Amino acid sequence: MYIDPKRIEFVITNACSGKCRHCSNGGSRTESGSIDADAAVSAVNRLADRYQIESLMTFGGEPLLYPDTVCKIHAAARDFGIPKRQLITNGYFSRNENRIEEVARCLCSSGVNDVLLSVDAFHQEYIPLGPVMYFAEALLKHGIPSLRVQPAWLADEGHDNQYNAETKRLLKLFGDKGIEANHGNVIFAAGNALKYLSDWFPSPEEVDLSEPCGSAPYTSRPDEIESFCIDPNGDVCFCSITIGNIYKQDVIEIIDNYDPYHIPSIRAVLEGGVPGLMRYAEKEGILVDISDCRTACNACRKIMTALKNRTAVT
């Protein structure tokens with residue numbers, strides 16, 4: 001068994017209320033539509049019935065553009081005893097205070113018990129702080145068990161640059177209201193971040209393609225999977241790899257049938273890293289230019305996407 005899930009993540013939608021320069025997904029944020037709530041709830045039920053799921057997370061895009069879907073998924077997680085039920089949101093889905101109150105009440109009653117609020121210099125270039133602060137106060141009023149600010153740092157938290165300075169100023173505004181900041185995350189070179197902030201990342205010549213699969217932050221080896229993500233289109237994914245679709249298959253069947261060593265592209269990564277994946281792609285007649293990639297993960301995703309697109313066409 002190569003998948004023993006401890007955590008489930010749902011991308012509720014790729015649509016977003018912001019157009020942030022640091023966004024790793026970039027252009028996909030203009031997409032509309034959301035994950036099918038009933039299919040997502042069914043997946044939660046099936047997984048929680050078989051595995052000891054420790055946490056569930058919903059995010060996006062901006063997940064609260066579809067709050068009813070978010071609440072249904074978290075209510076299912078609560079009912080099946082998943083202890084940590086986490087939401088990541090930029091907090092901006094409406095300017096109407098009644099609507100903001102209604103959504104905050106729904107989240108608390110549905111069992112969300114940890115909200116990470118994305119606030120930093122980059123989000124607030126496009127997202128007004130007033131509605132976000134009102135949403136945070138509404139969550140506290142309705143008894144959210146945990147509310148933290150989740151900033152994105154450029155280079156690292158300790159780096160002295162204008163973006164990090166503005167982020168720290170914003171965090172203080174929330175800290176003054178008793179809302180603590182989580183450690184946050186460091187912006188990585190993908191999507192809009194690569195397009196607009198490229199000078200802050202290592203040059204392509206500095207990229208170490210020999211980095212073993214699963215050694216980068218937020219990644220794991222494809223033969224030791226404890227967390228995966230379900231996209232709005234139903235795809236079951238980890239990193240850049242899609243292994244099934246909950247709209248077409250039972251999620252337990254997807255897990256049981258997964259064998260990374262029987263999937264040539266994944267086996268190539270496991271045995272030879274990005275260089276091994278490049279060799280496999282070349283054997284398949286696919287040449288991928290990775291000269292613009294700033295990490296080994298960027299290169300892997302680009303090659304995997306080319307292989308996936310080739311398969312889709314054929």
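Keep in mind that what you see is a predicted model, and the values were worked out from it rather than measured.
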S.K.: Working to the nearest 0.5 Å, report the span between OH of Tyr66 and CD1 of Ile73.
M.R.: 13.0 Å

S.K.: Check whether any side-chain heavy atom of Tyr261 sits under 4.5 Å from a side-chain heavy atom of Ile266, and report yes or no.
M.R.: no

S.K.: What's the separation between atom CZ in Arg301 and atom CD1 in Ile241, rounded to the nearest 0.5 Å?
M.R.: 10.0 Å

S.K.: Glu62 vs Thr89, test: side-chain hydrogen bond (donor to acceptor under 3.5 Å, both in side chains). Steps then yes/no.
M.R.: CA-CA 6 Å; Glu62 176 41 55; Thr89 172; 2.8 Å; yes

S.K.: Can you list the steps and then say if Leu87 with Phe59 is a side-chain contact (heavy atoms from CB on, under 4.5 Å)?
M.R.: CA-CA 6 Å; Leu87 166 69; Phe59 66 110; over 6 Å; no

S.K.: Counting C-beta onward and ignoring hydrogens, is there a side-chain heavy-atom pair between Pro5 and Ile225 closer than 4.5 Å?
M.R.: no

S.K.: Are any side-chain N or O atoms of Asp250 and backbone N or O atoms of Glu253, one a donor and one an acceptor, separated by less than 3.5 Å?
M.R.: yes

S.K.: Could you list the donor-acceptor pairs under 3.5 angstrom formed by side chains in residues 107-117, with sequence neighbours left out?
M.R.:
residue, atom, partner, partner atom, Å
Ser109, OG, Arg105, O, 3.1
Ser109, OG, Cys106, O, 3.1
Ser110, OG, Cys106, O, 3.2
Ser110, OG, Leu107, O, 3.0
Asn113, OD1, Arg85, N, 2.8
Asn113, ND2, Pro83, O, 2.8
Asp114, OD1, Ser146, OG, 2.9
Asp114, OD1, Arg148, NH2, 3.0
Asp114, OD2, Gln86, NE2, 2.7
Asp114, OD2, Arg148, NH2, 2.6

S.K.: Measuring from Arg78:CZ to Cys71:SG, what's the distance to the nearest 0.5 Å?
M.R.: 9.5 Å

S.K.: Evaluate Val103 against Arg99 for side-chain contact (heavy atoms from CB on, under 4.5 Å), listing each step before the verdict.
M.R.: CA-CA 6 Å; Val103 171; Arg99 177 60 173 165; 3.9 Å; yes

S.K.: Is the shortest heavy-atom distance from the side chain of Val44 to the side chain of Phe10 under 4.5 Å?
M.R.: yes

S.K.: Are Ile53 and Ile246 connected in a single hydrophobic cluster, I mean Ile/Leu/Val/Met/Phe/Trp/Tyr linked by side-chain heavy atoms less than 4.5 Å apart?
M.R.: yes

S.K.: Applying ring-ring contact (aromatic ring centres under 6.0 Å, His included), which residue pairs with at least one partner in residues 182-206 are found, sequence neighbours left out?
M.R.: His159-Trp200

S.K.: Using the rule that two of Ile, Leu, Val, Met, Phe, Trp, Tyr join whenever any of their side-chain heavy atoms come within less than 4.5 Å, decide whether Val119 and Ile187 are in one cluster.
M.R.: no

S.K.: Evaluate Thr295 against Asn298 for side-chain hydrogen bond (donor to acceptor under 3.5 Å, both in side chains), listing each step before the verdict.
M.R.: CA-CA 5 Å; Thr295 67; Asn298 288 157; 3.2 Å; yes

S.K.: Kindly indicate whether the side chain of Leu209, heavy atoms from C-beta on, has any atom under 4.5 Å from the side chain of Val207.
M.R.: yes

S.K.: Quick check against the 3.5 Å criterion: does Thr13 have a side-chain atom that pairs as donor or acceptor with the backbone of Gly60?
M.R.: no

S.K.: Does Arg279 form a salt bridge (Lys or Arg N to Asp or Glu O under 4.0 Å) with Glu282? I'd like the steps, not just the answer.
M.R.: CA-CA 5 Å; Arg279 289 191 294 270; Glu282 289 171 2; over 6 Å; no

S.K.: Tell me whether Asn96 at atom CG has more than 12 heavy atoms from other residues, nucleotides or ligands lying less than 6.0 Å away.
M.R.: yes

S.K.: Among Arg7, His74, Lys84, exactly one meets side chain to side chain contact (heavy atoms under 4.5 Å, CB included) together with Met57. Which residue is that?
M.R.: Arg7

S.K.: Please name the pair of heavy atoms, one in Leu171 and one in Ala181, separated by the smallest distance, quoted to 0.1 Å.
M.R.: CD1-CB, 4.0 Å

S.K.: Minimum heavy-atom separation for Leu56 to Ile82, with atom names?
M.R.: N-CG2, 3.9 Å

S.K.: Ignoring hydrogens and angles, state whether a donor on the side chain of Ser227 or Lys6 is under 3.5 Å from an acceptor on the partner side chain.
M.R.: no

S.K.: What's the separation between atom OG1 in Thr242 and atom CD1 in Ile230, rounded to the nearest 0.5 Å?
M.R.: 11.5 Å

S.K.: Do Tyr92 and Leu64 come close enough that some side-chain heavy atom pair is under 4.5 Å?
M.R.: no

S.K.: Ring centres of Phe135 and Phe93 under 6.0 Å apart?
M.R.: yes

S.K.: With hydrophobic residues grouped by side-chain heavy-atom distances under 4.5 Å, do Leu287 and Leu277 end up in a single group?
M.R.: no

S.K.: Are any of the side-chain nitrogens in Glu137 or Lys141 under 4.0 Å away from the carboxylate oxygens of its partner?
M.R.: no

S.K.: Checking Phe174 against Val132 for the side-chain contact (heavy atoms from CB on, under 4.5 Å) test, could you report, in this order, the C-alpha distance in whole Å, the side-chain angles of both residues, the deciding distance, and whether it holds?
M.R.: CA-CA 10 Å; Phe174 285 83; Val132 177; 4.2 Å; yes

S.K.: Any side-chain heavy atom of Phe228 sitting closer than 4.5 Å to one from Cys237?
M.R.: no

S.K.: To the nearest 0.5 Å, tell me how far Lys72 NZ sits from Thr58 OG1.
M.R.: 14.5 Å

S.K.: Walk me through it: do Leu140 and Ile179 pass the test side-chain contact (heavy atoms from CB on, under 4.5 Å)?
M.R.: CA-CA 9 Å; Leu140 293 174; Ile179 302 171; 4.0 Å; yes

S.K.: As a quick check of understanding, evaluate salt bridge (Lys or Arg N to Asp or Glu O under 4.0 Å) for Arg50 and Asp256, giving each step before the final call.
M.R.: CA-CA 12 Å; Arg50 176 166 171 176; Asp256 287 345; 2.8 Å; yes

S.K.: Say whether, by atom type as modelled, one donor and one acceptor occur between the side chain of Gln124 and the main chain of Asp120 under 3.5 angstrom.
M.R.: yes

S.K.: Quick check: closest heavy atoms across Arg294 and Ala189, and the distance to 0.1 Å?
M.R.: CB-CB, 3.6 Å

S.K.: My understanding is that only residues two or more places apart in sequence, or in another chain, count here; which of them pass side chain to side chain donor-acceptor pair (under 3.5 Å) with Asn233?
M.R.: Asp235

S.K.: Same cluster or not: are Ile127 and Tyr163 linked, directly or through other Ile, Leu, Val, Met, Phe, Trp or Tyr residues, by side-chain heavy atoms under 4.5 angstrom apart?
M.R.: no

S.K.: Any side-chain to backbone donor/acceptor pair from Thr167 onto Ala121? Under 3.5 Å, distance only.
M.R.: yes

S.K.: Under the rule for ring-ring contact (aromatic ring centres under 6.0 Å, His included), what residues qualify as partners of Tyr134, not counting sequence neighbours?
M.R.: none

S.K.: Return the set of residues passing ring-ring contact (aromatic ring centres under 6.0 Å, His included) with Phe80 (not counting sequence neighbours), or none when no residue passes.
M.R.: none

S.K.: Taking atom CZ of Arg221 and atom SG of Cys239, what is their separation to the nearest 0.5 Å?
M.R.: 12.0 Å

S.K.: Is there a donor in the side chain of Ser24 and an acceptor in the side chain of Asn192, or the other way round, less than 3.5 Å apart?
M.R.: no

S.K.: I'd like to know whether Asp176 forms a salt bridge (Lys or Arg N to Asp or Glu O under 4.0 Å) with Lys172, so could you lay out the CA-CA distance, the side-chain angles of the two residues, the decisive distance to 0.1 Å, and finally the verdict.
M.R.: CA-CA 6 Å; Asp176 290 344; Lys172 186 177 184 305; 3.2 Å; yes

S.K.: Answer yes if Tyr247 and Ile243 sit in the same cluster of Ile, Leu, Val, Met, Phe, Trp and Tyr residues linked by side chain heavy atoms under 4.5 Å apart, and no otherwise.
M.R.: yes

S.K.: What I'd like to find out is whether the side chain of Phe122 reaches to under 4.5 Å of the side chain of Leu154, using heavy atoms alone.
M.R.: yes

S.K.: Applying salt bridge (charged side-chain N to carboxylate O under 4.0 Å, His left out), which residue pairs with at least one partner in residues 178-192 are found, sequence neighbours left out?
M.R.: none

S.K.: Taking the side chain as every heavy atom from C-beta outward, state whether Leu270 and Asp223 have any pair of such atoms under 4.5 Å apart.
M.R.: yes

